[in-house]
Amino acid sequence: MKWMTPTMEVAYYIGYNLRKEDAEEVALSHGVQPVDAVVSSYVNSRRVAAFETEDGEPCGMCGVNGSRVWMLGTPRLLETARNRWQLAVVGRQWVDVCVEELGPLYNYVYAKNERSAKWLSHLGFTVDVPEPYGYAKALFRRFWRCS
């Protein structure tokens, strides 16, 4: 996995190929379709990054919209141990820089998505207890990180 230039085309590609877990999360939190979630996040963010597989296929995008940090990806994002390791190491570095330059960050993760909550903890976020949130009032965990 490697960094790539984030573009509208990349946002659409990821939206049309979004992981099942991410699609469920954006439906429950915001009541939107995957493509709308990725494109809106891309357009409205003050910082955006994207990554691709070793064979050049877009597999993830992340950013900061206001103080909300987000990441959405395709199934290929986590397909190999190397990708998961890179996402953990590079992800932590990216979040460190964002917090330093942009200030405190937060968002919500669907409570059933335990793998994401564990990854967020690894990135240095505090992950709170589940509470009703969003469009469907499903259980989500607020996560946040200050400098």
Side-chain angles (χ1 to χ4, degrees), residues 1-100 102 105-131 133-136 138-145:
M1 198 166 57
K2 54 192 173 183
W3 293 109
M4 68 181 299
T5 303
T7 65
M8 185 65 77
E9 291 76 24
V10 171
Y12 273 103
Y13 184 87
I14 292 169
Y16 282 119
N17 296 283
L18 203 61
R19 294 179 331 133
K20 179 186 70 138
E21 299 90 335
D22 288 347
E24 181 178 30
E25 187 167 284
V26 300
L28 292 170
S29 64
H30 292 84
V32 297
Q33 295 297 312
V35 171
D36 296 329
V38 180
V39 169
S40 175
S41 295
Y42 168 72
V43 168
N44 293 304
S45 290
R46 54 186 171 151
R47 175 167 294 193
V48 181
F51 15 96
E52 63 186 357
T53 61
E54 293 300 324
D55 60 0
E57 182 180 330
C59 63
M61 195 173 248
C62 58
V64 178
N65 179 347
S67 294
R68 287 180 181 254
V69 62
W70 59 272
M71 188 188 80
L72 297 165
T74 73
R76 294 204 63 195
L77 181 67
L78 304 173
E79 76 179 349
T80 67
R82 179 173 168 77
N83 283 10
R84 292 187 296 275
W85 178 82
Q86 286 179 304
L87 195 57
V89 172
V90 175
R92 177 69 184 238
Q93 293 167 351
W94 187 84
V95 169
D96 289 347
V97 170
C98 288
V99 169
E100 182 179 314
L102 305 175
L105 302 175
Y106 80 99
N107 209 336
Y108 290 81
V109 62
Y110 185 40
K112 289 185 179 179
N113 199 343
E114 294 173 13
R115 186 177 195 182
S116 291
K118 183 177 179 181
W119 176 71
L120 289 163
S121 293
H122 173 76
L123 296 183
F125 287 96
T126 298
V127 182
D128 294 336
V129 298
E131 62 182 85
Y133 170 78
Y135 177 80
L139 292 180
F140 278 75
R141 295 173 176 264
R142 184 175 190 272
F143 63 90
W144 53 275
R145 183 169 159 197

Roughly how far, to the nearest 0.5 Å, is the [atom2] atom of [Y] from the [atom1] atom of [X]?
X   : Y    : atom1 : atom2 : answer
T7  : Y42  : OG1   : OH    : 5.5 Å
Q33 : L18  : CD    : CG    : 10.5 Å
D22 : N17  : CG    : CG    : 12.0 Å
T74 : M61  : OG1   : CE    : 11.5 Å
L28 : K112 : CG    : NZ    : 8.5 Å

Taking the side chain as every heavy atom from C-beta outward, state whether [X] and [Y] have any pair of such atoms under 4.5 Å apart.
X    : Y   : answer
N83  : F51 : no
W94  : V64 : yes
W3   : V90 : yes
L123 : M71 : no
F125 : V69 : yes

Least distance between heavy atoms, E57 atom then Y13 atom: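 Result for this residue pair: OE2-OH, 2.8 Å.
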
For Y135 against A27, the heavy-atom pair lying closest together: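 Smallest heavy-atom distance, with atoms named: CD2-O, 3.7 Å.
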
Geometric class of the Y12/Y16 ring pair [parallel <30°, tilted 30-60°, perpendicular >60°]: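 The rings of Y16 and Y12 lie parallel, inter-plane angle below 30°.
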
Could you label the plane-to-plane angle of the Y110 and F140 rings as parallel, tilted or perpendicular, counting under 30° as parallel and over 60° as perpendicular?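 Geometry flag for F140 against Y110: tilted rings.
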
Whether the side chain of [X] engages the backbone of [Y] through a donor-acceptor N/O pair (distance < 3.5 Å, no angle test) should be reported.
X    : Y    : result
R19  : L78  : no
N107 : R68  : no
R141 : D128 : yes
E54  : M1   : yes
N65  : W70  : no

W119: partners by side-chain hydrogen bond (donor to acceptor under 3.5 Å, both in side chains), with sequence neighbours left out: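 Listed in chain order: nothing, the list is empty.
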
Show your working on side-chain contact (heavy atoms from CB on, under 4.5 Å) between V32 and S40 and close with a plain yes or no. CA-CA 10 Å; V32 297; S40 175; over 6 Å; no

With sequence neighbours excluded, give me every salt bridge (Lys or Arg N to Asp or Glu O under 4.0 Å) pair touching residues 31-47.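 Counting only pairs at least two positions apart or across chains, the salt bridge (Lys or Arg N to Asp or Glu O under 4.0 Å) contacts touching residues 31-47 are R47-E101.
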
If the test is side chain to side chain contact (heavy atoms under 4.5 Å, CB included), which one of V95, D96, L102, V97 qualifies with V99?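 Between V99 and the candidates, side chain to side chain contact (heavy atoms under 4.5 Å, CB included) is satisfied uniquely by V95.
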
